[in-house]
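Input: a single structure, listed below in structure tokens.
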Amino acid sequence: MDRRLQRILGLGGLRSKDDERFVLLHLPASLLLLLVILSMLAVFTAYSIPILRREGLHVFTDSAWQAVEGAPSREWYGLAPAIFGSLYTSVIAVLLAAPLAVSLAVVLEELTPPRLRGALAMLTDLMAATPTIIYGLWGLAYLAPHMYPVLAWLSRHLSWLPFFSKHPVSGYTIATAGVLLAVMSTPYAAAVIRESYSMIPYSIREAAYAIGATRFEAIRILLGMVKPSIVAGLALAFARAIGETVAVSLVVGNGYTITPSVTDSGVTVSSLIASQFGNAGFYHYMTSALFVGGLVIFAIGLAVNLAAVWYMRKWEEGMGIARA
Amino acid sequence: MRGPRRMLARKMWNYAGLAVLVTLAGLAVAPLLHILYLVALKGGEAIARIGLRRFLTESPHPFDPSDPGGIGPALLGTLELAALTAAGATLIALPAAVLISELRGSRLSRATLLLALTLVEFPTILVGLTVYAVLVDHLVGRYNMLAGAAALAIVVLPYLVVQASEALRQVPEGVREAAYSMGAPRTTTVYALIAPAARRGILVGLLIGLARAAGETAPLLFTIGGAYEGYHLCLLREGGAVPLMIYQFIQMPYQAARELAWGAALVLMLIVVTVMVAARLIVREVRM
């Protein structure tokens with residue numbers, strides 16, 4: 001193999017022909033992963049160009065959604081409500097998931113008797129494995145109707161807060177979507193937190209008890225040590241929440257407005273894609289507008305993902321945990 | 001400061017704190033238990049009314065309250081998609097995972113792992129849109145099952161790569177040294193010795209990937225088209241799948257359609273639970 005190629009790939013130790021054959025045989029698999037990511041970028045760029053050329057940056061900042069069949073000149077698409085809704089529901093989800101995920105991780109690692117541990121671990125695995133459509137079904141049939149009285153009460157008594165300023169029309173609201181997303185993303189965040197919590201050397205626990213810490217105080221000390229993994233776990237939960245489609249689209253209400261009120265119906269980029277893409281072929285620019293929306297969550301998801309991976313790695317290096 | 005009252009306060013804080021932790025953890029798990037209960041109840045009722053055999057084999061009649069039919073074609077579609085996804089994803093994921101674990105420390109290995117980690121949490125709806133653009137819009141010209149399988153494979157692939165590379169890394173170094181000392185080539189060593197030694201970890205990854213492939217809805221929204229009438233295995237035609245059917249039928253204003261959706265949800269949940277239990281059994285064996 002070419003020396004320069006070897007250096008680019010960082011393969012200093014290749015000495016024999018056998019090693020070279022091995023690398024050449026396995027390189028295509030790696031290239032294919034790269035190809036998948038690049039083709040996604042290429043597709044999204046190509047499909048985004050028509051609307052960007054027509055509306056420029058207005059497509060990100062406007063809140064109108066005018067679909068006019070047969071009259072492309074009167075079509076106008078602004079994604080601001082959807083982008084806002086995606087961020088808003090995901091932030092609510094992460095805020096609610098944070099205490100749930102931390103507690104779940106600690107209870108599993110620290111407080112569950114060994115006999116129950118397997119069953120509880122199995123349940124959390126099942127939470128992560130349960131298809132999102134099942135969560136959506138539950139949200140549609142149970143959560144949303146039961147959220148309605150709660151949200152109505154909140155808007156009656158706390159309407160001076162902008163978050164509860166609108167009286168809910170139904171249970172299909174931004175708040176419901178946020179709660180459902182929190183439930184769905186909790187096991188993922190909990191898994192990340194659990195993993196690093198279990199890596200803490202036992203001697204530190206012993207040290208905490210030796211100076212007379214109570215159990216809860218010891219847990220607080222240990223949680224302080226895994227703070228970076230809590231951040232990373234929540235970042236993954238956020239990335240998961242912002243990309244979630246079917247469950248959200250069944251409960252968010254699909255109201256196309258920007259409002260701080262969580263008791264109002266809203267829309268997210270992915271729920272917009274789910275509800276509009278099937279009909280987008282009837283219009284000239286709608287498909288392109290939806291792909292731009294995809295590009296936005298693509299960018300946010302990628303940024304959050306990379307930040308989380310980078311953060312974890314930095315922390316692992318700091319802790320002296322070797323990772324190949 | 002060290003008096004008994006201070007100690008009592010700390011004890012109270014301890015119990016209060018632990019109680020809050022346990023309550024919140026219970027709150028995190030409670031929705032799943034309620035989901036399992038509700039799906040079993042509503043799905044069970046629907047299937048009992050229609051009859052298990054008819055529910056699993058017939059085509060759906062979402063507009064006919066007296067005879068809703070079943071989910072047969074959609075179920076076949078899901079099995080077809082899952083099989084294709086597993087085959088396709090494994091063929092690519094295994095070499096990628098081998099590359100990551102065998103060349104560990106190299107830039108190539110780190111870059112491949114980073115690509116997989118980036119893809120693993122990618123919004124699945126975007127994968128669906130990409131495959132729509134390439135396979136539906138440009139190459140085939142209509143919704144087709146192949147596009148669905150490709151989208152699912154892309155969703156499952158990075159997950160499998162990460163899982164398999166972790167499993168391969170667990171294999172003791174001595175196995176490799178023994179093979180080299182006997183003059184075995186590197187590729188033979190990996191596929192004849194190291195991969196078989198890591199087979200349980202790889203299998204668990206594959207099983208969980210399969211469970212995901214069976215349950216994902218978003219990648220199928222704009223790829224397979226959602227056709228539920230009549231059986232076929234043709235890859236270049238529209239087809240159905242259980243999760244997509246649930247999504248479409250639960251939004252219809254017909255009683256029969258909803259019954260079908262709940263029954264389908266129970267079937268899907270049973271598939272997922274079975275796969276998860278199987279995975280758990282394999283992992284437990286590894287520990288022993």
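In this text the structure is predicted, and so the values were computed from the model without any measurement. The sequence lines fix the lettering, A, B, ..., with proteins before strands; numbering per chain opens at 1.
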Heavy-atom check, side chain of A:Phe44 versus side chain of B:Leu126, under 4.5 Å =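 Touching, per the 4.5 Å side-chain cut-off.
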Please confirm whether B:His34 and A:Tyr135 have ring centers closer than 6.0 angstrom.
-> no
Is the A:Phe277 to B:Tyr132 ring centre distance short of 6.0 Å?
->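 Under 6.0 Å, so yes.
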Between A:Thr214 and B:Tyr15, is a side chain to side chain donor-acceptor pair (under 3.5 Å) present by the stated rule, with each step listed?
-> CA-CA 9 Å; A:Thr214 64; B:Tyr15 289 126; over 6 Å; no
Report, as yes or no, whether the 6.0 Å neighbourhood of atom CE on B:Met12 holds more than 12 heavy atoms from other residues, nucleotides or ligands.
->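 No, because the 6.0 Å sphere around CE of B:Met12 holds 12 heavy atoms or fewer from other groups.
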Quick one: list whatever passes salt bridge (Lys or Arg N to Asp or Glu O under 4.0 Å) with A:Glu217, sequence neighbours left out.
-> B:Arg10
Pick whichever of B:Arg107, B:Glu216, B:Arg258 has the most heavy-atom pairs under 4.5 Å with chain A.
->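 Option with the top pair count is B:Arg107.
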Under 4.5 Å from any heavy atom of chain B - which part of [X]:
X	result
A:Leu295	neither
A:Leu111	side chain
A:Leu137	both
A:Val246	both

Decide yes or no on side chain to side chain donor-acceptor pair (under 3.5 Å) for A:Asp18 and B:Tyr180, but give the supporting numbers first.
-> CA-CA 11 Å; A:Asp18 184 41; B:Tyr180 288 161; over 6 Å; no
